[in-house]
Amino acid sequence: MIFCMKEINLPSDFSGVHFHLVGIKGTGMAALAEILSERGGIITGSDVSETFYTDEVLKKIGVSALPFSEKNITDSVQFVIHSSAYSADKNPDLAQAAKKGLPTLIYSEALGAVSKTAYSCGVCGVHGKTTTTGLCGTLLLALDLPAQTLAGSVISSFGKKCTVSTPSLFEAKKNGETHFFVAETCEYQKHFMAFCPKKIILTSVESDHQDFYPTYTDIRDAFVDYCLKLPKNGELIFCIDDAGAAETAKIVSEKRPDITLIPYGTSAEGDFNIQFGAISSGRQHFFLSGFGEFSIAVPGAHNVRNATAAIALSIRLLLEKGKNPLENMEKIRAGLLSFSGGARRSEIVGRAKTPLGEEVIFIDDYAHHPTAIKTTLSGFRSFYKNHRIVVDFMSHTYSRTAALLNEFANSFSDANDVIINKIYASAREDASKAGVSGELLAQKTAEKHERVFYAGEFDDATETALNILSKKSGEKDGYLFVTMGAGDNWKVGKNVLERLQANGGEQ
């Protein structure tokens, strides 16, 4: 499939430029609104009336989403940016923008245009890109390198925003000095091809988004194409422990020997070889061959790898600024420990007591691919050793569920109890032709796991969860209740938490 992009450039100075964002409540769109606003742009936006967590993000920059209407496209609007979920044939804002002949970009094109205004670095991969981007921004903030970072979720260490800018950024821009832009870049429909990277972090490559990439080769080749966008002597920081990332890097190197490969992982040679240490006092310790011991306060071996990628990029950017990385290691170590995750990324959303007085820690996580589910639950099992783990899972898209049905069924080995919801449908799919359902996924999972419950609707899932939590956990530290997936089953966790608290189980 040929990927086409509009060549629309944004002005180098956004001061006073009026941007109207259609679908502004989307995570990426809200983050972009932060970026444009911080650089002096005037922001308006439209979306549905339903409340999202991004409403708080937008409130911080003084923006309230308007209902969709052609009246939103006033004479002062200069650029229109929209989520790929909306088009001019169905959205009144976009229809009016087209009528007026206004320059209009989808989110990925706008992000690409922003990337041209700085020394930009893209973070990509099927798994881990949001957390890795959050870690990068946290370290750049600790180092105060002149940088702005955009992640695909709210990050706690960003002040509970999707973006963060370092204090030195504004002075660097004023003086015309090099400043960095680090952004999460998405593989779906080759959206990342609009981005203009000088360096890339590649966390993982495997089959996903089967509605657009029918085979593994299709998605791998998309990552190859993106990496080939690197300029002469550009740098590719990649996880050599991930077979797909390693294969992608090898192909890139064969096509472009000038690109510098920087591997990280337990099988990497060089400075970013990882050795895992102990888990103690809520910290995961690890060692890098070139730089010594580090620790993080978020669970999972996958997050050690994500942290290492962020360390590698930070070191390369220190060198770009002529700074000695070894003199900045303590700032990097402190930065890592200040990272506590992001919204829907192993996010602790509350605590309560069961009717029998046992603690329940509620966690929400975005993992929606079998590999991500397996590695995330493995991390929880290591980090929360003495907890009974209960998972409520909602699969996202019929095409992914059908293509990876057996892999999903084998993903929950580290959970004690598994509740499966109905599939979260995508508007781009015909459910009647899918040949798969949440009930079928539950049946397949039950072939591999002793305790599996199908609860298609959230009310049923809430009652199932409360029944599980009404019994003794059999573990010293009680329960870990995890809502997992890219759908909206976080509502199950919210319902269960509120019910327990209402019955006197509040902590």
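Numbers here simply count residues along the sequence, with the first being 1.
To the nearest 0.5 angstrom, Leu318 atom CG is 5.0 Å from Asn328 atom CG. One distance of note links OG1 of Thr483 with CD of Glu347; it measures 9.0 Å at 0.5 Å rounding. Of the inter-residue distances, the one linking Thr104 atom OG1 with Ile73 atom CD1 reads 8.0 Å to the nearest 0.5 angstrom. Taken to the nearest 0.5 Å, the CD atom of Glu498 stands 12.0 Å off from the CG atom of Asn503. Rounded to the nearest 0.5 Å, atoms CG (Leu135) and CD1 (Ile311) are 8.5 Å apart. Separating the CZ atom in Phe362 from the CG atom in Leu497 is a distance of 5.0 Å, to the nearest 0.5 Å.
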Checklist entry - Run the side chain to side chain contact (heavy atoms under 4.5 Å, CB included) check on Phe19 and Ile42 step by step: do they pass? => result CA-CA 6 Å; Phe19 298 92; Ile42 298 168; over 6 Å; no
Checklist entry - Given Arg39 and Ser15, is the side-chain hydrogen bond (donor to acceptor under 3.5 Å, both in side chains) satisfied, shown in steps? => result CA-CA 7 Å; Arg39 296 192 186 187; Ser15 299; over 6 Å; no
Checklist entry - What's the verdict on ring-ring contact (aromatic ring centres under 6.0 Å, His included) for Tyr213 and Tyr188, showing C-alpha distance, side-chain angles and the deciding distance? => result CA-CA 9 Å; Tyr213 301 113; Tyr188 183 63; 7.4 Å; no
Item to check | CA sep, side-chain torsions, deciding dist, call: His82, Leu21, side chain to side chain contact (heavy atoms under 4.5 Å, CB included) | outcome: CA-CA 6 Å; His82 65 99; Leu21 279 63; over 6 Å; no
Item to check | Candidate pair Tyr424 and Ser395, rule side chain to side chain contact (heavy atoms under 4.5 Å, CB included), full reasoning | outcome: CA-CA 6 Å; Tyr424 188 83; Ser395 193; over 6 Å; no
Checklist entry - Could you walk me through whether Val63 and Ile24 pass the side chain to side chain contact (heavy atoms under 4.5 Å, CB included) check? => result CA-CA 10 Å; Val63 175; Ile24 195 170; 3.9 Å; yes
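For Thr130 (side chain) and Gly128 (main-chain N/O), no donor-acceptor pair under 3.5 Å exists by modelled atom type. Looking only at distances, a side-chain donor or acceptor of Ser168 sits under 3.5 Å from a matching main-chain atom of Asp144. The main-chain N or O of Glu50 is found under 3.5 Å from a side-chain atom of Lys25 such that the two form a donor-acceptor pair. Not a single donor-acceptor pair under 3.5 Å links the side chain of Gln284 to the backbone N or O of Pro299. Looking at Thr117, its side chain does come within 3.5 Å of a backbone N or O of Val114 through a donor-acceptor pair. At distances below 3.5 Å, not a single donor-acceptor pair connects side-chain atoms of Asn303 with backbone N or O atoms of Gly300. In this structure a side-chain-to-backbone donor-acceptor pair under 3.5 Å is missing from Lys198 to Leu230. Listed for the Ser378 side chain is no donor-acceptor partner under 3.5 Å among the backbone atoms of Lys374. Without hydrogens or angle criteria, Ser338 side chain to Gly335 main chain gives a donor-acceptor distance under 3.5 Å. A distance-only check finds no donor-acceptor pair linking the side chain of Ser46 to the backbone of Phe68 [under 3.5 Å].
For the residue pair Thr132 and Asn306, a side-chain donor N or O sits within less than 3.5 Å of a side-chain acceptor on the partner. In this structure, a donor-acceptor pair under 3.5 Å is present between the side chains of Thr44 and His18. Residues Ser153 and Tyr366 bring no donor and acceptor atom of their side chains to less than 3.5 Å of each other. Looking only at atom types and distance, the side chain of Glu38 has no donor-acceptor partner in the side chain of Thr163 under 3.5 Å away. No hydrogens or angles considered: a donor-acceptor pair under 3.5 Å links the side chains of Ser157 and Thr138. Donor-acceptor pairing under 3.5 Å is lacking for the side chains of Tyr226 and Lys190.
Using a 4.5 Å heavy-atom cutoff, the side chains of Glu70 and Asp93 are not in contact. At least one side-chain heavy atom of Cys136 sits less than 4.5 Å from a side-chain heavy atom of Ile201. Between Cys121 and Pro197, every side-chain heavy-atom pair lies at or beyond the 4.5 Å cut-off. Residues Ile423 and Thr397 have side chains not in contact (no heavy-atom distance under 4.5 Å, counting atoms from C-beta outward). With a 4.5 Å cut-off on side-chain heavy atoms, Phe180 and Lys321 count as touching. Residues Phe481 and Ile389 have side chains not in contact (no heavy-atom distance under 4.5 Å, counting atoms from C-beta outward). Side-chain contact check for Phe458 versus Asp392: every heavy-atom pair is 4.5 Å or farther apart. Thr133 is not listed as a side-chain neighbour of Leu150, based on a closest heavy-atom distance of 4.5 Å or more.
Considering all non-hydrogen atoms of both residues, Ala415 and Val418 come closest at CB-CG2, 4.0 Å. Smallest separation of non-hydrogen atoms from Thr149 and Gly137: OG1-CA, 3.4 Å. Of all non-hydrogen atoms in Thr203 and Tyr264, the two that sit nearest each other are CA-OH, 3.6 Å. Of all heavy-atom pairs spanning Leu66 and Asn72, the tightest one is CD1-OD1, 3.4 Å. The heavy-atom pair separating Gly112 from Cys196 by the smallest distance is O-SG, 4.4 Å. Residue Thr27 comes nearest to Gly152 through the heavy atom pair CG2-O, 2.9 Å, listed as atom of the first residue, atom of the second, then distance.
Under the side chain to side chain donor-acceptor pair (under 3.5 Å) criterion, Lys100 pairs with Asp75, not counting sequence neighbours. Shown here are the ring-ring contact (aromatic ring centres under 6.0 Å, His included) partners of Phe339, two or more places apart in sequence or in another chain: there are none. Scored by the ring-ring contact (aromatic ring centres under 6.0 Å, His included) test, His127 finds His369 as partners (sequence neighbours excluded). Residues passing the ring-ring contact (aromatic ring centres under 6.0 Å, His included) test with Tyr107, sequence neighbours excluded: none. Arg333 pairs by the salt bridge (Lys or Arg N to Asp or Glu O under 4.0 Å) definition with Glu330, not counting sequence neighbours.
The existence of a salt bridge linking Glu359 and Lys353 is excluded, since no basic side-chain nitrogen approaches an acidic carboxylate oxygen closer than 4.0 Å. A salt bridge links Lys129 with Glu187; the closest basic N to acidic carboxylate O contact falls under 4.0 Å. Between Arg316 and Glu320, none of the side-chain N atoms (NZ, or NE/NH1/NH2) sits under 4.0 Å from a carboxylate O, so this pair counts as no salt bridge.
You'll find the ring centres of His179 and Phe181 outside the 6.0 Å limit.
Within the structure, the salt bridge (charged side-chain N to carboxylate O under 4.0 Å, His left out) test picks out the following pairs touching residues 153-181 (sequence neighbours left out): Glu171-Lys174.
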